[in-house]
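Counting from 1, the numbers follow the sequence of the chain as shown.
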Amino acid sequence: MTQAAWPVLPLKRHLLRNDGGFWGDEPVGENDTLVLRSTEQTAEGTWAISDPAWRHLPALRREVSRLRAGDLLVTKSSGSSLHLGKTTFVTADEESLRAGFSNFMQRLRTDEDLVTEFAWYAMRSRFVRDQIDLLSTTSTGLANLTASALGDLVIPVPTVSEQRMAVQFLDRETGEIDAFIRDQEELIGLLQEQRAATISHAVTKGLNPDAPRVQSGTAWGKIPAHWRPAPLKHVANLLAGFPFASEVFRHDLNSISLLRGINVGVGEIDWTERVGWPRDLSGGLSVYDLKDGDLVLGLDRPVISRGIRLARMCPSDLPALLLQRVARLRATDGALNTFLEYVLCGAEFRNYIEPLFTGVSVPHLSIDQLGAFVIPTPPRGEQSAISSYLESELQLIDASISDANAAVELSRERRSALISAAVTGKIDVREHVGV
């Protein structure tokens, strides 16, 4: 079974439907329907439906867009190349929701000569993903796939029996890979919990288990008696960024980097989407200059699934200016930036800020709310000892997390290569399914 022996045809030759969805209007409480969104599709082509949206659609559109088992849904508009073209398979479980699908998705329904599961695997293959990259168009920062472009995708179409054998082979092989990935992701979760617990214990209890403790009167509970609780604004200089005018932004490397919220990740600065400010216009803005060791916190959605969007500036990040909706923290009054970083990356800070988000469209934290957070403050020498201890302990945990993440990434690459080989006939699956 080789690729050359299989006809390669435009997808539209085997489609009964190739139509977009509807977002509809706000629900009215009667004859509303669930509408699935592209955010409920994973990059791996599975569903992650936790809180589907209720919308109101006219009766005809409600019926036209209703999903049935065997439909394929494709994300046709996204700001990420990873998510553009991601494809999910509608099972009986999704059909039972009697749901429609949003206007950012396209429904494909195959004919009897193209097994839907085979088409689903083909859409996840490198063979098709490369075509998606070439056929997509870009507007307002989003990459888009039209119905015509999706129909023009070419895929191998062997006989139905060969397709079913390929699906059987891939179900088994990718199932084993996915089980390994789930195990590694569970391990990563446990290691992250261990990491958080190690930090929390050190910054609240200290390193001396015999030190007398007293109630702090805060979320930190009992702390060593010689520590003092203090609002963050009393131990750190806090600064919110400046509203630099976007029309003056530059993209050349001679400009000064502007640190935006999008650049602040969990424990890292990411300059992938960099904008700059002309050097000749930076006069009088020195107060917003960032320095090596400064802590920066994204004030827009400071909490994400991976943790707190808090990072430390390094020499390689400089020079840089602080843009609005990002806060700079610089330790004062005998405090250390490293100790503050450990305090703020913990569950106590997360539990404090999550109920405080304001703003309807973009929830954010204010600089005053940040400054009011009370932290336990040991003497400077003890802060240094705690920071050194945590640096040593976390190196081991972080190395294990890194190894597990590398194993996950390698497994995903193997799965992608396996799918691509099987749907293009480069693997003779008959040797693996007992034929």
Side-chain angles (χ1 to χ4, degrees), residues 3 6-24 35-48 61 64-90 94 99-158 163 166-167 170 273 412 415-417 419-426:
Q3 180 178 349
W6 289 0
V8 178
L9 302 171
L11 186 58
K12 61 188 174 186
R13 293 271 296 272
H14 291 287
L15 292 182
L16 300 175
R17 300 200 72 147
N18 181 0
D19 53 349
F22 306 99
W23 181 232
V35 175
L36 301 184
R37 298 158 290 189
S38 60
T39 52
E40 289 157 336
Q41 299 173 286
T42 70
E44 286 77 22
T46 59
W47 290 106
R61 286 195 169 185
V64 167
S65 64
R66 183 162 294 160
L67 296 169
R68 77 181 195 193
D71 285 347
L72 295 174
L73 285 178
V74 184
T75 292
K76 64 179 181 181
S77 185
S78 177
S80 166
S81 60
L82 178 66
H83 291 278
L84 183 69
K86 62 184 176 182
T87 303
T88 43
F89 177 80
V90 176
E94 289 79 46
F101 58 105
S102 81
N103 53 317
F104 281 91
M105 305 160 85
Q106 193 78 2
R107 171 174 53 191
L108 307 178
R109 185 174 294 168
T110 63
D111 65 17
E112 61 184 10
D113 293 323
L114 179 57
V115 177
T116 311
E117 294 90 338
F118 182 85
W120 175 59
Y121 277 119
M123 291 293 290
R124 298 167 62 195
S125 70
R126 191 72 263 164
F127 181 73
V128 171
R129 295 294 306 170
D130 288 343
Q131 295 178 62
I132 288 173
D133 290 341
L134 290 172
L135 294 174
S136 63
T137 59
T138 303
S139 63
T140 63
L142 294 176
N144 302 285
L145 284 170
T146 64
S148 177
L150 284 169
D152 287 339
L153 294 173
V154 295
I155 66 170
V157 186
Q163 292 178 52
V167 169
L170 287 172
E273 297 187 37
R412 285 176 173 157
R415 179 181 59 195
S416 177
I419 290 172
S420 297
V423 300
T424 55
K426 293 179 180 177

Is the shortest heavy-atom distance from the side chain of K86 to the side chain of T42 under 4.5 Å? no
Under a 4.5 Å cut-off applied to non-hydrogen side-chain atoms, are I419 and L170 in contact? yes
Show the nearest heavy-atom pair for residues S38 and T75, with the distance to one decimal. CB-OG1, 3.3 Å
Can you name the one residue among V157, V154, L114, D152 that meets side-chain contact (heavy atoms from CB on, under 4.5 Å) with L11? L114
Report yes or no: does R109 contribute a side-chain atom to a donor-acceptor pair with the main-chain N or O of D19 at less than 3.5 Å? no
Measure across S77 and F104 and return the closest heavy-atom pair with its distance rounded to 0.1 Å. CB-CD2, 3.4 Å
Test: salt bridge (Lys or Arg N to Asp or Glu O under 4.0 Å). Region: residues 72-81. Which pairs qualify, not counting sequence neighbours? none
How close do A166 and A422 get, heavy atom to heavy atom, and via which atoms? CB-O, 4.3 Å
Atom pair CG/OG1 of L108 and T87 - distance to nearest 0.5 Å: 7.0 Å
Would you check if V90 and L72 make a side-chain contact, meaning some heavy-atom pair closer than 4.5 Å? no
Evaluate side chain to side chain contact (heavy atoms under 4.5 Å, CB included) for S102 paired with F22, printing each intermediate quantity in order. CA-CA 5 Å; S102 81; F22 306 99; over 6 Å; no
Could you walk me through whether R37 and W23 pass side chain to side chain contact (heavy atoms under 4.5 Å, CB included), step by step? CA-CA 9 Å; R37 298 158 290 189; W23 181 232; 3.7 Å; yes
Name the residue from Q41, E94, E44 that meets the side chain to side chain donor-acceptor pair (under 3.5 Å) definition with T88. Q41
State, to 0.1 Å, how close P156 and W6 come at their nearest heavy-atom pair, and which atoms those are. CB-CE3, 3.8 Å
Find out whether L36 and L67 are in side-chain contact, i.e. whether some heavy atom of one side chain is under 4.5 Å from a heavy atom of the other. yes
Given side chain to side chain contact (heavy atoms under 4.5 Å, CB included), test M123 with V74 step by step and report yes or no. CA-CA 9 Å; M123 291 293 290; V74 184; 4.0 Å; yes
Kindly indicate whether the side chain of L145, heavy atoms from C-beta on, has any atom under 4.5 Å from the side chain of I132. yes
Keeping S65 on the side-chain end and R61 on the backbone end, is there a donor-acceptor pair under 3.5 Å? yes
Between E117 and F89, does a side chain to side chain contact (heavy atoms under 4.5 Å, CB included) hold up when you go through it step by step? CA-CA 7 Å; E117 294 90 338; F89 177 80; 3.9 Å; yes
What is the minimum heavy-atom distance between L82 and A43, and which atoms define it? CG-CB, 3.9 Å
With side-chain hydrogen bond (donor to acceptor under 3.5 Å, both in side chains) as the test, would you mind laying out the steps for D113 and H14 before giving the verdict? CA-CA 7 Å; D113 293 323; H14 291 287; 4.6 Å; no
Validation row: L153, L135 side chains within 4.5 angstrom (heavy atoms): yes
Counting N and O atoms only, with roles assigned by atom type, does the side chain of W120 sit under 3.5 Å from a partner on the main chain of G45, one being a donor and the other an acceptor? yes
Could you measure the distance from the CG atom of N144 to the OG1 atom of T137? Nearest 0.5 Å is fine. 4.5 Å
Selection residues 121-137 - residue pairs positive for salt bridge (Lys or Arg N to Asp or Glu O under 4.0 Å), sequence neighbours left out: R126-D130, R126-D133
Should the heavy atoms of other residues, nucleotides or ligands under 6.0 Å from CZ of R68 be counted, would the total exceed 12? no
Shortest non-hydrogen contact between Q163 and V115, atoms and distance: OE1-N, 2.7 Å
